[in-house]
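This structure is a prediction, so every number in the text was calculated from the model and none was measured.
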Amino acid sequence: MARRDVPRRGQDGDDPAQRSRAPSMIGRWLRRLLVWGTGLALLVALGITGAVLVTARSLPSYDKLKSSQAGQMIVVRANDGSEIVTLGPSYGKWIPYNRIPQPMKDALVSVEDRRFREHWGVDPVGIVRSLMVRAQSGHWRQGGSTITQQLARNIFLNNSRTFDRKIREAILSLALESKFSKDQILELYLNKVYFGGGAYGVDSAARKFFGHSGEQLSLGEAAIIAGLVKAPSHYSPTADAQAAVDRAKVVLETMVDAGTLTPAQAGAVDLKAVHLAAEQGQNSARYFTDWVLPQLDVLVPDNDQPIEVWTTLDPVAQRAATDAISSQVPKGAQGAMVSVDRDGAVLAMVGGTDYVTSNYNRATNAVRQPGSAWKLFVYLAALERGYRPEDRVVDEPVTIDGWSPRNSGGSYAGQIDVRTAFAYSKNTVAAQLGNEVGFSAVANMARRFGITTPINTMPSMVLGTSDVRVIDMVRAFASVEAKGRLVTPYGIRKVTTTDGEVLYSHRPDAQQQLVPDYVAAEITDLLQTAVNIGTGRAAQIGRPVAGKTGTTSSNKDGWFLGFSSGITTGVWMGRDDAHPVPGLQGGTAPARAFAAYMRVATAKRPVEQFDNQLKLPEWQLEPDDEAMLNNPNDYYYTDENGNTVNGQQGDGLEGGQSGAPNGGPQGRTPDDAIPVDQDGLGTGPAAPARQGPRNAPAAASDDLLDRATGRTRQTPRPAQPAVPRPPATKPPPDRRAQDWQGY
C-alpha cells in the first residue's frame with residue numbers, strides 16, 4: 001500500500017507565520033512589563049511620598065531637636081561649684097550655623113558628603129559609587145550615607161546594619177530634608193555628631209581636644225575634628241596623636257579635591273604644630289566620684305535627663321589629702337584617707353596613691369585590721385561601765401583564756417591611770433578592761449558607732465583583730481567628736497537638672513545619742529592625751545587634736561584617726577598583699593600624713609578647745625551623796641550577751657556571784673577576780689578606784705541606761721527589796737542589748 005506524504009510547513013522546520021508572530025509577542029510582554037513596572041514604581045513612589053509626608057509631620061520641631069540629647073550627661077561639682085568631672089556624653093555650647101567657622105563646615109562636608117547641597121537626603125550617586133567600590137575591593141570601604149542620613153541615625157535610630165533600619169533611615173532623611181533647610185540640617189549635625197571622648201558637637205570637641213570654644217577653630221583643628229567622625233576612638237588625638245594627624249591630612253586632600261581649599265592653603269597647614277589641651281585631672285578625686293555616683297540610683301531613680309551633682313568635696317582639702325598620702329606613704333605601700341566635717345560631709349577622700357594605675361578604693365572597700373585604733377571601743381565600753389580617766393589600773397602580764405597579750409615595747413609600767421594606759425596604748429590594760437566589761441560589749445559598742453564588718457569576740461579582739469573599713473572608723477571617731485551623737489558620712493548635697501531644678505537635697509539625719517555626753521567627753525580626754533604625750537605626738541598641728549594610732553602585727557598596717565576644729569580624718573597605710581612594711585607604725589607615716597593634711601584643712605577655721613567638763617551621773621557621786629539616793633543593789637543592766645540582769649544577782653566583782661564560767665565574769669577564775677579593800681575600792685590590775693559601798697555594781701546604773709537610751713527619769717527610784725529576775729528572753733529597748741552572734 002502506497003504511503004501518502006503529509007505536507008510540512010517548510011522543509012527546514014521553520015513556520016513563516018510563527019516567525020512573524022514572535023516579535024509581536026515579545027513586544028507585548030515588554031509593554032506589559034513596562035506598564036506594570038511603571039505602575040509599581042508609581043505605587044512605591046506614592047507609598048514613599050506618603051511615608052515621608054507622615055514622618056515629616058510627626059518630626060519634632062527644630063527647637064526640640066536642638067534640645068534632645070543622646071544618653072545622660074552627669075556633671076559632678078565640688079562644694080565650691082567647680083567641676084570635678086563630666087561623665088557620659090558631654091555637650092558644649094550650641095553654635096548657630098553662621099557662627100560655625102567656615103573651615104569646619106567645608107572640612108566636614110568635603111569628607112562626609114561632598115554632594116550635600118545637591119541631593120534630597122539620600123544620594124543615589126553616592127550609593128552607586130559605594131556599590132562599585134564594594135565590587136572592586138570585595139568589602140565595604142566607602143559608605144553611601146549622607147550627612148542627613150547620619151543625622152537621622154544619630155537622633156532617631158541606632159547603628160544596627162539591617163535592611164529595615166536603612167529603609168527607615170532613608171525615609172527619615174527625606175522627611176528631614178522636606179521640613180528643614182540645608183543650613184539647619186548642617187547646624188544640627190555639627191552640634192550633635194559624636195567626635196569621641198564623650199564629646200558631642202563641635203564646641204564640646206574643641207574644648208576637650210584644644211581647650212577653647214568651637215567658634216575659634218583653625219583650619220588644622222577643623223581638619224582633625226572632621227576626621228574623627230569616621231572612627232572617633234581610633235583617630236582621637238588624645239588616644240593616638242599620629243593617627244589623628246594622618247587622618248587630618250586625608251581631610252585636607254579631600255578638601256582640595258572638592259575645591260574648597262587650594263593646594264597652597266592645604267600645604268601651609270602644619271598639623272603637628274596644633275596644640276592639644278592637657279587632659280583634665282582624673283586621678284585622686286575619682287575615688288570620691290566612684291563612691292558617690294552609684295548612690296544616684298537610690299537618690300534620683302528613673303532619671304535619664306542631664307543632671308548636675310553638687311557634692312561635699314572640698315578641692316583644697318582634696319589636693320592636700322592627695323599630697324599628704326603621696327608624700328608620706330612608704331615605698332611600695334598604698335595609702336587611704338577619709339576626712340569628714342562635723343555633720344558627716346566628706347571633705348576629702350583618697351583611695352590609693354594613683355587612680356590611673358589602680359582604681360580600687362581602699363578608703364571605702366578595703367577591709368584591714370585596725371590594731372590599737374580599735375581600743376576606742378574598748379575604752380568607750382569601760383567608761384560607760386563606770387571607769388574614769390584617772391582611775392588606777394595595773395600594766396602587768398596577764399593571760400586570758402590561754403591568750404597572753406604583750407605591749408609593743410615588751411615592758412610593763414605597773415600601776416598607772418586609765419588616761420596613761422590609753423595614751424601609751426598598753427595592750428595588757430586593754431585586755432583586762434575588755435575581759436571585765438565583756439568582749440561582746442566591746443563588739444556592741446563598735447556596732448553602735450557604725451562598724452559594719454564582722455566582729456569576732458575572742459579575747460584578742462581588743463587589740464583590733466577584726467577587719468574594718470577606713471570610712472567606718474572615721475565615722476566612729478566623728479561620732480565621738482560630735483559628743484557621742486551619730487554621724488553618717490555623705491557626699492552629695494543636692495542633685496539638679498542643668499536648668500537648676502532640684503531633684504534631691506540632703507537632709508540631716510535625726511540626732512541619735514550613742515553614749516552619754518560625759519562618756520564622749522572622757523574618751524576625748526583620752527584621745528587628746530594620746531596626741532599630746534602618747535603614741536600620736538606626730539599628729540600635732542599647733543591646735544588641739546584628739547586621736548589614736550593603730551599598728552598591726554609585723555607592721556602590716558598603720559593607722560591614725562583623729563579630729564580637730566570640727567574635722568575628723570582617718571589615715572591608713574599598708575600593702576595590698578598584706579606583707580609587712582618595714583618601719584610602718586601608726587605614729588609615724590600615718591600620723592605625719594594626718595598632720596600635713598589637717599594643717600591645710602583647718603587653716604581657715606577657728607581654734608576649738610575640747611569640752612572635757614564632765615557632768616557625772618548620780619551613781620558616780622561621793623559616797624555620802626550616793627547613799628542617800630537608792631539601794632546600790634536595786635538596778636538592772638545589760639550584760640555582754642544582751643540580757644537584762646538584776647544587780648542583786650551579783651555584780652561580778654567577786655567570784656561565784658555572777659554565774660559565769662569558772663565563777664567569774666567572762667570565765668575569770670576566783671584568783672584573778674578584782675580584790676576590794678575595806679572601803680569597797682578595787683585594787684586589782686584593772687580595777688577602777690570607785691567610791692561607794694562595798695560590792696558596788698560594776699555595770700551600768702539606771703541613770704546611765706536612761707542617758708544612753710535617751711530616756712529621762714523625773715525622780716530617783718525609791719529603795720525597795722530586790723526581787724530576782726530571770727534573764728530576759730528578749731533584749732530590752734536598749735541600743736546595747738542586741739544579738740551579737742556571729743561576730
Side-chain angles (χ1 to χ4, degrees), residues 92 95-119 123 125-126 129-130 132-133 136-137 140-148 150 182-183 185-187 189-197 199-279:
I95 305 178
Y97 178 82
N98 59 359
R99 289 165 56 184
I100 299 175
Q102 191 62 41
M104 184 69 248
K105 292 183 282 191
D106 291 341
L108 199 61
V109 170
S110 297
V111 75
E112 289 297 321
D113 188 4
R114 192 180 303 180
R115 288 171 41 82
F116 173 68
R117 298 286 176 177
E118 302 172 17
H119 59 68
D123 185 12
V125 176
R129 184 172 59 248
S130 176
M132 292 177 60
V133 172
Q136 293 174 359
S137 62
W140 295 107
R141 297 185 59 182
Q142 181 176 332
S145 295
T146 64
I147 284 178
T148 313
Q150 294 179 45
K182 289 288 186 179
D183 289 353
I185 290 174
L186 189 57
E187 178 183 326
Y189 184 86
L190 284 169
N191 281 282
K192 284 184 169 295
V193 68
Y194 182 59
F195 290 107
Y200 283 79
V202 170
D203 187 67
S204 179
R207 295 180 188 276
K208 177 176 179 60
F209 299 126
F210 309 119
H212 58 70
S213 168
E215 298 182 43
Q216 304 169 1
L217 288 170
S218 66
L219 177 57
E221 292 170 341
I224 291 176
I225 289 180
L228 295 174
V229 177
K230 181 178 181 180
S233 60
H234 180 70
Y235 295 119
S236 172
T238 56
D240 190 338
Q242 187 58 49
V245 169
D246 293 342
R247 175 62 179 167
K249 291 178 180 178
V250 175
V251 174
L252 293 174
E253 293 171 358
T254 305
M255 294 177 70
V256 172
D257 189 44
T260 58
L261 202 65
T262 66
Q265 290 173 322
V269 178
D270 185 3
L271 294 171
K272 293 186 178 181
V274 174
H275 176 69
L276 296 177
E279 280 285 297

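- Ring pair H119/F116 is perpendicular by interplanar angle, where above 60° counts as perpendicular and below 30° as parallel.
- You'll find the side chain of L276 reaches within 4.5 Å of the side chain of F210, heavy atoms only.
- Every salt bridge (Lys or Arg N to Asp or Glu O under 4.0 Å) that D257 has, sequence neighbours left out, goes to R114.
- Atom CD1 in I147 sits 7.5 Å away from atom CG in L190 (nearest 0.5 Å).
- Here the side chain of E221 pairs a donor or acceptor atom with the backbone of S218 at under 3.5 angstrom.
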Atom pairs and distances, side-chain donor-acceptor, residues 244-255, under 3.5 Å, sequence neighbours left out:
{"residue": "D246", "atom": "OD1", "partner": "Q242", "partner atom": "NE2", "Å": "2.9"}
{"residue": "R247", "atom": "NE", "partner": "G227", "partner atom": "O", "Å": "3.3"}
{"residue": "T254", "atom": "OG1", "partner": "V250", "partner atom": "O", "Å": "2.8"}

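- Contact record, L228 with P237: CD2-CD, 3.8 Å, taken as the closest heavy-atom pair.
- In this structure, the side chains of L261 and D106 stay at 4.5 Å or more apart for every pair of heavy atoms.
- A donor-acceptor contact closer than 3.5 angstrom links the side chains of T262 and Q265.
- Using modelled atom types, one side-chain atom of N191 and one backbone atom of I95 make a donor-acceptor pair closer than 3.5 Å.
- The side-chain contact (heavy atoms from CB on, under 4.5 Å) test with M104 is passed by exactly one of L219, V109, I225: I225.
- Heavy atoms only, all atoms of each residue included: V269 and G220 are closest at CG1-CA, 3.7 Å.
- Note that the CD atom of Q150 and the NZ atom of K192 stand 15.0 Å from one another [nearest 0.5 Å].
- When side chains are defined from C-beta on, K105 counts as touching Y97, because their heavy atoms get closer than 4.5 Å.
- In terms of heavy-atom proximity, G214 sits nearest to D203 at N-OD1, 2.9 Å.
- A222 approaches A107 most closely through the heavy-atom pair O-CB, 4.2 Å.
- Counting only heavy atoms from C-beta outward, the side chains of F195 and K208 never approach each other to under 4.5 Å.
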